[in-house]
Amino acid sequence: MSDPALLALNLAEARDGLTRKRFSARELTAAYNDAVAEVEPLNAYITPTPEHALAMADAADGRLARGEALPLDGLPIAVKDIFCTKDILTTAGSHILDGFRPPYESTVTEKLWQTGAVMLGKTNLDEFAMGSSNTTSWYGPVKNPWRRPGDNRPLVPGGSSGGSAAAVAAHAALAATGTDTGGSIRQPASFCGIVGLKPTYGRCSRWGVVAYASSLDHPGPMGRTVRDVAILLRAMAGHDPKDSTSAPAAVPDYEAALDGDIRGLRVGIPLEYRVDGMPDEIEALWRQGVEWLREAGAEPVEISLPMTKYALPAYYIIALAEASSNLARYDGVRFGLRVDGDSLEEMYELTRAAGFGAEVRRRVLIGTYVLSSGYYDAYYLKAQRVRTLIAGDFARAFERVDCILTPTAPSAAFAIGEKSDDPIKMYLNDVFTVPANLAGVPAVSVPAGLSGDGLPLGLQITGRAFDEETVLRAAEVMERAGQFRHLPSFVAGGRS
Amino acid sequence: MALDKTAVAHIATLARIRLAETELDPLSNELSHILDWVEQLNEVETSGVPPMASAAEARLQMRDDAVTDGGRRDAILGNAPRAVRGFFAVPKVVE
């Protein structure tokens, strides 16, 4: 097969092709290594690992030839550069982790390699996953492979898993891992026209994932189709004794759940998600999504999630408090950057001033403030109480409905530099995604249509804790109904 | 809540981030703006509502108290900006 034809296959199709020996893992991986090089202008990868990938592909070919194939054998994927990979540079998009080569492998990536997946490289992200546009990375912004027709301005891929989303959309990876603290898998998936799933909190281990906000960080899969994401999730999920918040729950066969049958499924439509200033076309797409599910036999139910408007401010207090605590470890002593000073104290302060970018500093300062003596109750405890109410909203809704349908983000991708004048304008991007992080429930973004200026828009399905199967089943029905077949203006191997 | 320059400088000291004098004014504006915005939480009645620290089950799992890993000194020191004779090296702390 030619390279463009190989690159056009999705993960499930590539898996079939390998099993039927239509091509080898080495051929597939070589095509992807070339694709990674070709999309270099997008800045989606911080560290490509082409030789490592070929060695993994050869091992997979050996198993395939012996009839000992593993579930993901020979499938080349990208890894967000926030997962620690043994002896391979891991940056979290930050200057402060300069030269850091972890002596260990994260649980999630270890599971992926144990099921035969091939690592193409480490993808760019907002610094420490703090951002919604992938513009805060020390390694520079990622460009979205999509452009508005007739307009050459580069657009953001969303964030923080922007490199993973851009790589998958541009056919420079079959799929990718991401992490989602307030929308960082789902919003870039929406902006780049791919599928992204934030699983239930505790479903995928956080061990070896560079921490931003521990009670909100969720590793998860990103791919071209719902099926691809279901396949990847099964390999990534599972109990891990090394993460005390990891759930000791059995991992179902998510792919088997995609039976297309959503008859009688009750789908909640929350009134509070009609926010001011949301474009009509997103509202229209949302209505279209409701219709698709109704036509497949689901029953739409109007519901109320009254605390929705307080999710974002509660999130920013909790996330920033946890971040200020987690990021205290970057002190120039054990790894990464050190800026010398005359005293230990001065070394800490100079290292952290030089090593953290503007957005990270802003967040660490606010987090420090809300945890400081005299303000802890007013800000941090208050936000945690509001979090209880937000989780209560979902618990009550899920007594009446099986899942919830909303838009993923209030806009399509915007230009690099837009919205950077005001941090709050940027934070508002996460208005529909943040509530699921606070409640810990699973949510997926599925590409559902194009905006008036030709950019992808996603719809989000949220479900009960540990019920990713329902979320994925409904998402696949919507995917089938929406028939989203558009490609970005820039794909590796050209648009075929 | 407005944060003045002195407050920002104090927070920066707590956070161990050195700020230049010229950074204090813009940061005090930005941080005050963000804090004003989060204060909308005060509209929510939360008396009697318990705080939620995590979506995970609160009870921690027990495990055997056993050594399962270790003996990796050199691998760990391999990332240190400075290591001397098997130790992390830092500027002198005690005179």
Side-chain angles (χ1 to χ4, degrees), chain A residues 99-103 201-202 215 241 244-245 247-248 307 309-310 313-314 316-317 324 328 331-338 340-350 352-353 356 361-362 364-366 368-369 372 379 381-389 391 423-424 438-441 465, chain B residues 1 3 7-8 10-20 23 26-28 30-31 33-58 60-61 63-64 68-69 72 74-83 88-93:
Chain A
F100 176 56
R101 289 171 197 277
Y201 188 79
S215 83
S244 62
T245 60
M307 284 293 140
K309 71 174 279 213
Y310 300 108
Y316 271 94
I317 292 175
S324 75
D331 57 7
V333 174
R334 288 152 300 154
F335 39 71
L337 182 75
R338 169 184 294 193
D340 284 316
D342 290 336
S343 64
L344 185 62
E345 206 81 341
E346 191 177 64
M347 186 198 82
Y348 290 156
E349 293 193 347
L350 295 177
R352 290 163 64 80
F356 292 148
R361 278 195 282 170
R362 190 150 52 211
V364 169
L365 291 173
I366 292 183
T368 304
Y369 177 69
S372 66
Y379 289 107
L381 267 186
K382 179 79 186 181
Q384 286 191 316
R385 293 183 206 281
V386 173
R387 185 178 185 181
T388 302
L389 297 175
I424 292 175
L438 290 166
V441 293
Chain B
M1 177 82 190
L3 288 179
V8 173
H10 174 64
I11 299 163
T13 306
L14 292 177
R16 301 288 184 273
I17 297 175
R18 180 70 58 91
L19 294 179
E23 294 175 285
L27 265 171
S28 92
E30 284 170 16
L31 301 192
H33 183 43
I34 295 170
L35 288 169
D36 277 346
W37 172 72
V38 299
E39 266 163 30
Q40 57 179 299
L41 292 184
N42 293 330
E43 298 165 15
V44 185
E45 175 55 54
T46 54
S47 53
V49 178
M52 174 174 171
S54 170
E57 202 188 322
L60 289 174
Q61 308 281 323
R63 62 162 168 76
D64 290 339
T68 56
D69 203 350
R72 300 172 188 260
D74 293 344
I76 290 163
L77 287 175
N79 275 298
R82 260 194 85 208
F88 294 108
V90 296
K92 199 183 239 179
V93 182

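The analysis underlying the following values was restricted to heavy atoms, covering all of them including side chains, and did not include hydrogens, waters or symmetry mates. Just so it is clear: chains get the letters A, B, ... in the order the sequence lines come, proteins before strands, and each one is counted from 1.
- Chosen from A/Val386, A/Asp331, A/Val364, A/Val333, the residue pairing most often with chain B at heavy-atom distances under 4.5 Å is A/Val333.
- Checking side-chain atoms of B/Asn79 against main-chain N and O of A/Arg101 turns up a donor-acceptor pair under 3.5 Å.
- Counting heavy-atom pairs closer than 4.5 Å to chain A, the top residue among B/Ala20, B/Ser54, B/Ala7 is B/Ser54.
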Run the side chain to side chain contact (heavy atoms under 4.5 Å, CB included) test on B/Arg16 and A/Glu345 for me, step by step, so that the C-alpha distance in whole Å, both residues' side-chain angles and the decisive distance to 0.1 Å come before the verdict. CA-CA 8 Å; B/Arg16 301 288 184 273; A/Glu345 206 81 341; 3.2 Å; yes
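- Interface residue A/Ala383: backbone and side-chain heavy atoms are both found under 4.5 Å from chain B.
- Of the two parts of A/Pro241, neither the backbone nor the side chain holds a non-hydrogen atom closer than 4.5 Å to a non-hydrogen atom of chain B.
- For the atom pair CG of B/Leu31 and CG of A/Leu365, the computed distance is 6.0 Å after rounding to the nearest 0.5 Å.
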Determine, stepwise, if the pair A/Ile317 / B/Leu41 fulfils side chain to side chain contact (heavy atoms under 4.5 Å, CB included). CA-CA 10 Å; A/Ile317 292 175; B/Leu41 292 184; 3.7 Å; yes
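- Scanning all heavy atoms of the two residues, the minimum distance from A/Ser215 to B/Ala53 falls at CB-O, 3.3 Å.
- At a 4.5 Å heavy-atom cutoff, A/Ser324 makes no contact with chain B through either its backbone or its side chain.
- Only the side chain of A/Tyr316 comes within contact range of chain B, judged by heavy atoms closer than 4.5 Å.
- Nearest heavy atom pair, residue B/Thr46 against residue A/Lys382, reads OG1-NZ, 3.0 Å.
- Ranked by heavy-atom pairs under 4.5 Å with chain A, the first of B/Ala12, B/Pro50, B/Ala75 is B/Pro50.
- Only the side chain of B/Val93 comes within contact range of chain A, judged by heavy atoms closer than 4.5 Å.
- Between B/Pro91 and A/Gly341, the shortest heavy-atom contact is CG-O, 4.0 Å.
- Chain A forms the most heavy-atom pairs under 4.5 Å with one residue out of B/Lys92, B/Glu45, B/Arg82, and that residue is B/Arg82.
- The contact between A/Phe100 and chain B is made by backbone and side chain atoms together, counting heavy-atom distances below 4.5 Å.
- Options B/Ile76, B/Ile34, B/Leu14, B/Leu27 differ in how many heavy-atom pairs under 4.5 Å they form with chain A, and the most are formed by B/Ile34.
- For the atom pair CZ of A/Phe335 and CG of B/Leu77, the computed distance is 12.5 Å after rounding to the nearest 0.5 Å.
- When all heavy atoms are compared, the tightest approach of B/Ala55 to A/Ala439 is CB-O, 3.7 Å.
- Formation of a donor-acceptor pair under 3.5 Å by the A/Arg352 side chain with backbone atoms of B/Ala15 is found in this model.
- Per-residue counts of heavy-atom pairs under 4.5 Å with chain A were compared for B/Glu23, B/His10, B/Glu30, B/Arg63; the largest is that of B/Glu30.
- The two residues A/Arg385 and B/Pro51 have their closest heavy-atom pair at NH1-CD, 3.6 Å.
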Show your reasoning for whether side chain to side chain contact (heavy atoms under 4.5 Å, CB included) applies to B/Arg18 and A/Tyr348. CA-CA 9 Å; B/Arg18 180 70 58 91; A/Tyr348 290 156; over 6 Å; no
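- Between B/Met52 and A/Leu438 there is no side-chain heavy-atom pair separated by less than 4.5 Å.
- In this structure, B/Gln40 and A/Tyr310 approach most closely via the heavy-atom pair O-CE2, 3.4 Å.
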